[in-house]
Amino acid sequence: MWWSGSLDSEHRAIVKSLDALAASHITSEQCADWDERGAYPHEAMDALAAGSWARLPVPESYGGAGASALDLAVVHEALARHSLAVAQSYYSLWVLGAEAINRLGTEQQRAHWLPLLADGRARIAFALTEPGSGSDASAMRTRATVTNGGFSVTGQKVFITGAKVADRIITAVRTKTGERPQDGITLLMIDPNSSGVTIRPLRKVGLRALDLCEVFFDDVPASEADIVGPRHDAWRALRAGLSKERLFLAAISAGALFDLVGRTLEHARTRTTFGKTIGSHQLVAEKIVRMRLAADAAAAMVKEAAVAVDLGDRDAAATASAAKMYASEAYVSAAREAVQIFGGYGFTEDYPVARHYRDCKYLEIGGGTSEIQTIVIARSMGLLA
């Protein structure tokens, strides 16, 4: 397709390899089945692990490949062209955990968990959001009180991706009351099978193949060895990882958008009305052209953000936020137009565009809403304090 021309030979080889894997393990039929059953895509993730794709986000010193942000952006985009759920699983349960443990974890934690992640034998979820808090740290109520053996955790988290299938959940808890709302927050690595942990999957509009859960903690035990990163200062430590999160969600949005354009283009070339293909009607053609332009622009912004992240550019955070905001909003708009072009067929579950329509909205919300991205970008422009 046209978009591959923007990739160098190394990244084209990555895409080609993932396309070959997807031909057997991430087919349209399999994606529809996972979605219908609300089933985690075990087969696809096992195939990715067997193909050493889980090694990419892990440093070489722990059995990984030490991939760059640009490499990982290409992988997320390529996976999302086949399955948004698989791409999100790859990020939420492998990449996010590997990044946090490598950057914030102790040597003991890195030595234990990073090789497991590199082999695809571990899944790490992340629990930050609560019913009354997300970007607002002051509203965090989940608390870890000190005990003789370590901590006792009590509270509730919500919208936790992959909690049902995770081996550990890195959980933000309040361990101290500080001068600022952000003070006194610590990350604990909690075993979801521990006494006192209750996980309740939420019923979602879309992305049904990857669970989104409420997690309840009722005097859940945790030890000093479970602390990930600085005690009482996790909020500041977490900020350093936001650029990559927003970059990879932007890449997922761009990949899903490319898939949507391809499917809509194929339909427009074969579906006929009034004696000619619907793509030859000017109004339909214009819609598809604008979808393609949006996909090209999203991919370009993802690449720019990835390079900025890899270089440690001072504006990397704003660049990643801009990519995430544009790509996710472009994907949502394109999904609406695709359903319109497919007409009545687009409103049935027999066509993947309906799944795109259900799945796309979460990308405008997860990883920071478009409103939060607007604030980040505005501050980088000197518009907000």
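- Residues that satisfy the ring pair (Phe, Tyr, Trp, His ring centres under 6.0 Å) test with Tyr326, not counting sequence neighbours, are absent from this structure.
- With hydrogens and angles disregarded, a donor-acceptor distance shorter than 3.5 Å links the side chain of Lys204 to the backbone of Leu210.
- Aromatic ring orientation, His267 versus Tyr351: perpendicular (interplanar angle above 60°, classes split at 30° and 60°).
- For Tyr90, the ring pair (Phe, Tyr, Trp, His ring centres under 6.0 Å) criterion is met by His76, Trp94, not counting sequence neighbours.
- Counting non-hydrogen atoms of other residues, nucleotides and ligands closer than 6.0 Å to CD of Glu349 gives a total above 12.
- The pair Arg292-Asp296 meets the salt-bridge criterion, since a charged nitrogen lies less than 4.0 angstrom from a carboxylate oxygen.
- To the nearest 0.5 Å, the span separating CE on Met325 from OG1 on Thr369 amounts to 9.0 Å.
- Using a cut-off of 4.0 Å between Lys/Arg side-chain N and Asp/Glu carboxylate O, Glu329 and Lys324 are scored as not salt-bridged.
- Salt-bridge annotation for Lys361 and Glu364: present, with a side-chain N of the basic residue lying under 4.0 Å from a carboxylate O of the acidic one.
- In this structure Thr270 satisfies the side-chain contact (heavy atoms from CB on, under 4.5 Å) test with no other residue, sequence neighbours excluded.
- A salt bridge is absent between Asp119 and Arg55; no separation between the charged side-chain nitrogens and carboxylate oxygens falls under 4.0 Å.
- Counting only residues at least two apart or in different chains, ring-ring contact (aromatic ring centres under 6.0 Å, His included) contacts with residues 27-63 comprise Tyr40-His42.
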Assess the residue pair Asp8 and Arg12 against the criterion (salt bridge (charged side-chain N to carboxylate O under 4.0 Å, His left out)); give the C-alpha distance rounded to whole Å, side-chain angles, the decisive distance to 0.1 Å, and a yes or no. CA-CA 6 Å; Asp8 60 26; Arg12 281 198 295 271; over 6 Å; no
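- Among Val376, Thr374, Ile375, the single residue meeting the side chain to side chain contact (heavy atoms under 4.5 Å, CB included) criterion with Ser321 is Val376.
- Judged as a ring pair (Phe, Tyr, Trp, His ring centres under 6.0 Å), and not counting sequence neighbours, His11 has no contacts.
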N/O donor-acceptor pairs under 3.5 Å from side chains in residues 278-285, not counting sequence neighbours:
from	atom 1	to	atom 2	distance (Å)
Ser280	OG	Thr277	O	2.6
His281	NE2	Thr273	OG1	3.0

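- Checked by atom type and distance alone, the side chain of Glu304 never pairs as donor or acceptor with a backbone atom of Ala300 at under 3.5 Å.
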